[in-house]
There are 2 protein chains.
Amino acid sequence: MRKDALHNRERLLRAARRLFADRGLDVPLEEIARTAGVSIGTLYNRFPTRETLVAAVFEDRVATVAELAEQALAADDAWEGFVAFLTGVCELQAADLGYNEIVARGATTGTDTGYAVMLRIVAQAQERGALRDDVTLEDLAFVLWGIAATVRATFRIAPGAWRRHLALTLDGLRAGSAHPLPAPPLSPDQARAAMNDCP
Amino acid sequence: MRKDALHNRERLLRAARRLFADRGLDVPLEEIARTAGVSIGTLYNRFPTRETLVAAVFEDRVATVAELAEQALAADDAWEGFVAFLTGVCELQAADLGYNEIVARGATTGTDTGYAVMLRIVAQAQERGALRDDVTLEDLAFVLWGIAATVRATFRIAPGAWRRHLALTLDGLRAGSAHPLPAPPLSPDQARAAMNDCP
DNA sequence: CTCAAATTTGAGGAGAGCCTCAACTTATGC
DNA sequence: GCATAAGTTGAGGCTCTCCTCAAATTTGAG
């Protein structure tokens with residue numbers, strides 16, 4: 001790749017990172033190009049679709065979440081680890097509206113490795129008697145999804161307000177507070193499908 | 001109002017009711033007019049803005065929710081009443097994607113009477129020791145908001161799946177399972193603002 | 001320095017929706 | 001019936017965003 005091309009790529013990523021974080025994933029591509037000081041044509045040269053650009057911008061988050069997961073699994077107290085993981089994911093969302101929308105569109109459960117790690121977190125927390133036995137990873141995904149809505153809503157007005165919502169939800173997830181659940185859990189495929197073509 | 005005008009108004013409302021329920025509030029107005037067998041100009045004659053149309057279509061829901069609230073307040077078991085109210089609101093959403101989006105845009109907390117009634121439900125459930133003392137109506141609005149996301153996602157694929165999410169959440173709201181909350185609650189105005197200009 | 005390959009550029013076509021308004025049609029009181 | 005106010009119509013202008021492509025420019029190997 002030629003050096004000017006690489007340079008423009010960097011400028012585009014910087015601009016996109018900033019705009020996605022502040023205004024979400026639906027910023028007009030033309031605006032990203034303008035902010036980067038580059039023409040719309042160049043943007044399309046480097047990133048043929050919006051999706052490729054989004055993927056490039058949020059590439060690093062995959063590693064960050066994996067790291068959070070490792071820490072959760074290594075924690076002495078299973079419940080603390082579990083809470084720290086969920087809190088960490090929410091903090092990522094609270095720091096970046098774009099990442100929030102990625103979660104809100106179900107991309108989290110999309111990656112296979114991410115899925116596997118989260119399964120282990122749930123399993124460990126349940127084995128150690130911290131997390132109620134009847135929840136599945138899919139339940140958790142929806143619960144987290146709901147909190148994502150609160151994170152997004154309070155993004156500007158009251159950063160940190162989502163911590164209350166998370167705390168309330170966690171109190172319902174503790175092993176001690178379990179009451180019978182009224183319906184069978186969703187299969188992984190069903191959950192993925194539901195989140196991906198959410199109206 | 002002339003009789004043909006009234007007739008067209010009815011046809012428009014019928015079409016809008018159906019399309020909003022199936023596809024949400026963002027259906028193109030031209031499509032509503034076409035479905036109603038009427039021109040776009042007529043739609044604009046009857047309903048100058050999308051908002052007036054939406055308001056007319058969902059007018060009846062206000063009464064329905066008030067009724068649910070009355071039943072909740074009259075219940076013998078305070079917790080049962082509280083649960084029935086939340087369940088009822090979710091069922092309304094599950095039956096109508098348009099109403100789901102209205103809730104998801106925070107219009108529920110908008111009406112003053114609705115607000116007052118919900119305050120009474122919360123207060124009563126807390127006085128009778130069923131609902132944990134540290135939650136506010138605003139907390140509840142966000143929680144319900146989160147569940148609305150699940151209702152919307154599972155709308156087609158797994159109707160009823162949201163009942164699990166609601167049940168988990170309720171287990172966190174019971175008086176018995178309360179652990180300290182990490183942040184101060186939002187004021188009513190803050191909550192309203194957060195929901196109304198949610199990015 | 002030269003030139004071909006790589007890259008950039010931005011005007012413009014395409015599609016979706018919103019909304020208006022001047023010309024036409026219909027209901028209704030007299 | 002008739003006049004007229006009320007109502008309907010839909011083509012067309014407007015805005016926004018996406019995306020393409022032929023012409024102009026830049027890079028870097030030889």
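In what follows, chains are A, B, ... by sequence order, proteins preceding strands, each numbered from 1.
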Next on the checklist: The test is salt bridge (Lys or Arg N to Asp or Glu O under 4.0 Å); show your working for A:Glu30 and A:Arg34 and say whether it passes.
Outcome noted: CA-CA 6 Å; A:Glu30 323 242 4; A:Arg34 202 183 328 126; over 6 Å; no

Checklist entry - Just checking, any donor-acceptor pair under 3.5 angstrom between side chains of B:Thr42 and B:Asn45? => result no

Checklist entry - What residues, two or more places apart in sequence or in another chain, satisfy side chain to side chain donor-acceptor pair (under 3.5 Å) together with A:Asp77? => result none

Cut-off 3.5 Å, no hydrogens considered: what does the side-chain donor-acceptor table look like for residues 117-126 of chain B, sequence neighbours left out?
{"unit_1": "B:Gln124", "atom_1": "NE2", "unit_2": "B:Leu73", "atom_2": "O", "d": "3.2"}
{"unit_1": "B:Gln126", "atom_1": "NE2", "unit_2": "B:Arg132", "atom_2": "O", "d": "3.0"}
{"unit_1": "B:Gln126", "atom_1": "NE2", "unit_2": "B:Asp133", "atom_2": "O", "d": "3.3"}
{"unit_1": "B:Gln126", "atom_1": "NE2", "unit_2": "B:Val135", "atom_2": "O", "d": "2.8"}

Item to check | Euclidean distance, A:Glu10 CD relative to A:Arg17 CZ, rounded to 0.5 Å | outcome: 8.0 Å

Item to check | For B:Asp76, all residues meeting salt bridge (Lys or Arg N to Asp or Glu O under 4.0 Å), sequence neighbours excluded | outcome: none

Checklist outcome for this item: Residue pairs meeting ring-ring contact (aromatic ring centres under 6.0 Å, His included), one or both in residues 61-97 of chain B, sequence neighbours left out, come to B:Trp79-B:Phe82

Checklist entry - In terms of heavy-atom contacts, does CZ of A:Arg174 have more than 12 from other residues, nucleotides or ligands at under 6.0 Å? => result yes

Between the protein and nucleotides 1-6 of chain D, are there any N/O to N/O pairs under 3.5 Å, and if so, what are the atom names and distances?
{"unit_1": "D:dA6", "atom_1": "N3", "unit_2": "B:Arg2", "atom_2": "NH1", "d": "2.5"}

Hey, can you pull the donor-acceptor pairs under 3.5 Å for the side chains in residues 52-72 of chain B, sequence neighbours left out?
{"unit_1": "B:Thr52", "atom_1": "OG1", "unit_2": "B:Thr49", "atom_2": "N", "d": "3.4"}
{"unit_1": "B:Thr52", "atom_1": "OG1", "unit_2": "B:Thr49", "atom_2": "O", "d": "2.6"}
{"unit_1": "B:Arg61", "atom_1": "NH2", "unit_2": "B:Asp96", "atom_2": "OD2", "d": "2.8"}
{"unit_1": "B:Thr64", "atom_1": "OG1", "unit_2": "B:Asp60", "atom_2": "O", "d": "3.2"}

Checklist entry - By salt bridge (Lys or Arg N to Asp or Glu O under 4.0 Å), which residues pair with B:Arg9, not counting sequence neighbours? => result none

Item to check | DNA chain C contacts made by residues 18-25 of chain B, counting heavy atoms under 4.0 Å | outcome: none

Checklist entry - For the pair made of NE2 in A:His7 and P in D:dG28, what is the distance, rounded to whole Å? => result 13 Å

Checklist outcome for this item: Contacted region of DNA chain C by chain A, from 5' end to 3' end of the hits, cut-off under 4.0 Å to heavy atoms, spans C:dA5 to C:dA11

What pairs of nitrogen or oxygen atoms, one from the protein and one from nucleotides 9-16 of chain D, lie under 3.5 Å apart?
{"unit_1": "D:dT9", "atom_1": "OP2", "unit_2": "B:Ser39", "atom_2": "N", "d": "3.0"}
{"unit_1": "D:dT9", "atom_1": "OP2", "unit_2": "B:Thr42", "atom_2": "OG1", "d": "2.7"}

Checklist entry - Restricting to pairs with a member in residues 152-172 of chain A, which pass ring-ring contact (aromatic ring centres under 6.0 Å, His included), not counting sequence neighbours? => result none

Checklist entry - What pairs meet the ring-ring contact (aromatic ring centres under 6.0 Å, His included) rule with one or both residues in residues 175-199 of chain A, with sequence neighbours excluded? => result none

